[in-house]
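Proteins get letters first, then strands, A, B, ... in listed order; numbering begins at 1 in each. Below, all heavy atoms of this structure are taken into account, side chains as well, without hydrogens, waters or symmetry copies.
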Amino acid sequence: MHDIRLIRDDPQGFDAALARRGLEPVAAALITLDERRRAAQTELQTALARRNEASKAIGAAKAQKREEVAAALMAEVAGLKETIPALEDAAREADTALEANLAVIPNLPAPDVPAGADESDNVQLTIWGDPREGDFPEHPEFAGPLGLDFESAAAIAGTRFAVLKGGIARLHRAIGQFMLDRNVADWGYTEVIPPLLVRDAAMFGTTQLPKFAEDSFRTTDDRWLIPTAEVSLTNLVREKILDEGELPLRFTALTQCFRAEAGAAGRDTKGLIRQHQFEKVELVSITTPEASEAEHERMTRAAESILEALGLPYRRMLLCAGDMGFAARKTYDLEVWLPGQARYREISSCSNCGDFQARRMNARFRPAGGKPELVHTLNGSALAVGRTLVAVLENCQESDGSVRIPDALRPHMGGLEALTPA
RNA sequence: GGAGAGGUGGCUGAGUGGUCGAAAGCACCGCACUCGAAAUGCGGCGUGCCGGCAACGGUACCGUGGGUUCGAAUCCCACCCUCUCCGCCA
C-alpha cells in the first residue's frame with residue numbers, strides 16, 4: 001500500500017516509477033479521489049463541530065433555565081441532523097474508494113531495478129557451480145522406482161499432487177530439516193511453526209488480497225490456506241510497535257504451502273515443479289528502513305549458501321521491474337540448474353518489500369526517543385523443498401539409476417549415501 | 001458446543017450521559033540538580049484531517065458498524081476479537 005501523501009508530493013515521480021512496471025499513470029486519479037475524500041471529511045467535521053457547539057450551548061442554557069434559548073438551539077441541531085448522515089456517507093465512501101484504488105497498485109521498483117517487461121529482461125548477476133551437460137532425464141521419468149508416485153496422488157486428490165514414499169520421502173524430509181537447521185544455526189533466524197490457516201486481514205497485509213484471491217484456497221469457515229509462510233511470518237508483527245533495539249527480527253519456518261495455480265493450466269504439468277501443495281522453508285526479516293537493503297543481500301546469501309552446501313549449480317537473477325511480484329521493490333531470484341530440462345529454474349525468490357506491507361499491517365517500530373515509523377519487511381525462500389528435491393534428483397543421478405545423496409544431507413538420512421531404485 | 005468476563009493512549013489502568021482526547025502510574029524526551037550517574041523536581045509526550053511560513057489553532061477518533069439522545073468512551077443492538085470455567089478432542 002502506498003502513502004497517498006507521498007503520491008500527492010510527487011505525482012510525476014510516482015507515475016514514472018509505475019511506468020517502469022508497464023502500468024498507466026494513476027496519480028492524477030488518486031489525487032482527485034483524495035481531494036474528494038478530504039473535502040468530504042472537512043465538510044462533515046464542520047457540521048459536527050457546529051452540532052457540538054450548539055449542544056454545549058444547550059447544556060449551558062438549560063443549566064440557566066433559559067428554556068426558550070435551548071429550544072431554539074435544539075431546532076438548529078435538528079436541522080443539522082438531517083444533513084449529517086449524508087455527509088457521513090459521502091466521507092466514508094470517498095475513504096473507501098481511495099483505499100480500494102490504492103490497494104491494487106503494486107509497489108514501486110527500487111531505483112537500481114532494471115527496466116523490462118518480463119523474465120527475458122532479468123539480469124544475471126552471479127553464477128555458481130558447474131552445470132552437468134548432456135542428455136539427462138527429467139525426474140518424473142526415473143523417480144518412480146525411488147518412491148515418487150503421481151498416479152496414486154491423482155486418484156486421491158487430482159492433478160498437481162504427489163505421493164512420496166520410502167527413500168524419496170525421507171530425502172524430502174531431510175532437505176527440509178537441513179535447510180531449517182542452516183537458517184537457524186548459520187544465519188540466526190528464529191524457527192517458527194505458524195498457522196497454516198489465516199484470516200483475510202493477514203492475507204491483505206502481505207498483499208495476497210484483494211487482488212490475488214483466486215490464487216489461494218479458501219476454507220469453509222472463511223479462512224485461507226497460506227500460499228507461503230511469508231503470510232504468517234510477516235503478520236507476526238502486524239499492529240505492533242517494536243522497539244528499535246529488537247530489530248532486525250528474523251523468522252524461518254518449514255511449512256506446507258497451498259496454491260490454486262488458477263492461471264497455470266498447461267504449465268509444468270509433469271513432475272514436482274508446480275503443485276497445489278508443497279513444502280517451503282521461508283525466511284522473513286523485519287528491519288528498520290536503513291537496514292533493509294543490507295538485509296536483502298544477507299538473506300539472499302543465506303539462500304545461496306544452501307544451494308552451495310548441496311553442490312547445486314545456480315545463478316542469481318535481478319528481476320526487472322515488469323517481472324517483480326506485487327509487493328516487492330527489489331527481488332533476487334535464485335535459479336537452480338535442472339539437467340533434465342537443461343535450464344535454470346526458480347528455486348528461491350528473495351524480495352525487499354520496503355514499507356509496502358508494513359503500511360497494510362500497521363507494523364511499526366519506535367526509533368530511540370522518536371515517533372513510530374513503519375518497519376521494512378523482506379521475505380525469501382531458503383528454499384522450496386520440492387524443487388530442491390527435483391534438483392538433487394536430477395543433478396545427483398548416477399548412470400546406474402541411483403541418486404547420490406549430497407554430503408550435507410547424509411546426517412539427516414542416517415548416513416545413507418544413495419537412493420537406489422526399488 | 002455451554003456459561004461468564006472483557007476490549008480506553010507505547011504499557012498498566014481510572015472513567016456509566018455534557019466541563020473527557022480522556023485521571024494516575026510506568027516508559028520515553030527536554031530542563032534543573034550533579035564532576036558524572038542514580039534519585040528527585042519541573043515541563044513535554046497519540047493519530048488523521050483542515051487552516052497557518054511557523055509557533056500554534058480548530059476538528060474527529062476510547063474494538064468495528066448501526067441505534068437512542070440536543071449531546072455517547074459512558075445507554076441499546078449486531079458483529080469481530082481476547083480471556084476464564086465446563087464439555088469434547090490430537
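B:rC80 atom P lies 11 Å from atom CZ of A:R223, rounded to whole Å. A:R37 places its CZ atom 6 Å from the P atom of B:rC49, with the value rounded to the nearest Å. Nucleotide B:rG48 holds its P atom 15 Å from the CD1 atom of A:I4, rounded to whole Å. Rounded to an integer number of Å, the gap from A:D200 CG to B:rC80 C1' is 12 Å. In this structure, A:F204 places its CZ atom 20 Å from P of B:rC80, rounding to the nearest Å. Separating the CG atom of A:D222 from the P atom of B:rC80 is a distance of 11 Å, rounded to the nearest angstrom. The distance from atom CD of A:E239 to atom C1' of B:rG10 is 14 Å, rounded to the nearest whole Å. Put simply, CG on A:N362 is 19 Å from P on B:rC61, counting in whole angstrom units.
Contacts of A:R50 with the nucleic acid, taken as non-hydrogen atoms under 4.0 Å apart, are absent. Contact annotation for A:L73: no contact, since no heavy-atom pair falls under 4.0 Å across all strands.
With B:rG48, B:rC50, B:rU82 as the choices, the nucleotide that has an atom nearest any side-chain atom of A:R38 turns out to be B:rC50. Listed nucleotides B:rG10, B:rG48, B:rC70 differ in distance to A:I241; the shortest reach to its side chain belongs to B:rG10. Of the candidate nucleotides B:rC70, B:rC49, B:rU82, B:rC70 has the atom lying nearest to any side-chain atom of A:M74. The side chain of A:R366 lies closest to B:rG10 when the candidates are B:rC49, B:rC70, B:rG10. Nearest nucleotide to the side chain of A:S55, out of B:rG48, B:rC50, B:rG18: B:rG18.
A salt bridge links A:E261 to A:R274: one of the charged nitrogens lies within less than 4.0 Å of a carboxylate oxygen. For the pair A:D407 and A:R410, the salt-bridge criterion is met [side-chain N within less than 4.0 Å of a carboxylate O]. A salt bridge is defined here as a Lys NZ or Arg NE, NH1 or NH2 lying under 4.0 Å from an Asp or Glu carboxylate O, and A:R218 with A:D200 meets this definition.
For B:rC62 and B:rU12, the C1' atoms lie 16 Å apart once the distance is rounded to whole Å. Separating the P atom of B:rC53 from that of B:rC61 is a span of 28 Å, rounded to the nearest Å. Only the C1' atoms considered, B:rU8 is 11 Å distant from B:rC20, to the nearest whole Å. Comparing the P positions of B:rC28 and B:rA37 gives a spacing of 15 Å, expressed to the nearest Å. Of the P atoms belonging to B:rC81 and B:rU68, the separation is 27 Å, rounded to the nearest Å. Rounded to the nearest Å, the gap between the C1' atom of B:rC88 and that of B:rC26 is 43 Å. A gap of 34 Å separates the P atoms of B:rA27 and B:rG17, to the nearest Å. The gap from the C1' atom of B:rU19 to that of B:rU74 amounts to 15 Å, rounded to the nearest Å.
Under the 30°/60° scheme for interplanar angles, the aromatic rings of A:F161 and A:H276 are found to be tilted.
If you check B:rA72 for Watson-Crick or wobble pairing at under 3.5 angstrom, you find it has no partner at all. Checking B:rU64 for Watson-Crick or G-U wobble geometry (two distances, each under 3.5 Å) identifies B:rA78 as its partner. Using the Watson-Crick or G-U wobble rule with both distances under 3.5 Å, B:rG57 pairs with B:rC50. Across all strands shown, the partner of B:rU12 is B:rA24, judged by Watson-Crick or G-U wobble contacts whose two distances both fall under 3.5 Å. Across the strands present, B:rC42 finds its partner in B:rG30; the criterion is a Watson-Crick or G-U wobble pair with both atom distances under 3.5 angstrom. In this structure, B:rG36 forms no base pair with any nucleotide, since neither Watson-Crick nor G-U wobble geometry is met with both distances under 3.5 Å. B:rG4 and B:rC83 make up a base pair, with Watson-Crick or G-U wobble contacts both under 3.5 Å. Pairing partner, B:rU19: none, since no Watson-Crick or wobble contact has both distances short of 3.5 Å.
Place A:R8 and A:L48 on RNA chain B by their nearest nucleotides, and A:R8 ends up nearer the 5' end. Mapping A:R92 and A:R51 onto RNA chain B via the closest heavy atom, the residue that lands nearer the 5' end is A:R92.
In summary, of the residues considered (A:K330, A:R20, A:R329), a salt bridge (charged side-chain N to carboxylate O under 4.0 Å, His left out) with A:D112 occurs for A:K330 alone. Checking each of A:V163, A:D149, A:L389 against A:I168 for a side chain to side chain contact (heavy atoms under 4.5 Å, CB included) leaves exactly one that passes, namely A:L389.
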Check against ring-ring contact (aromatic ring centres under 6.0 Å, His included), A:F356 and A:H2: CA-CA 7 Å; A:F356 193 76; A:H2 293 290; 5.1 Å; yes
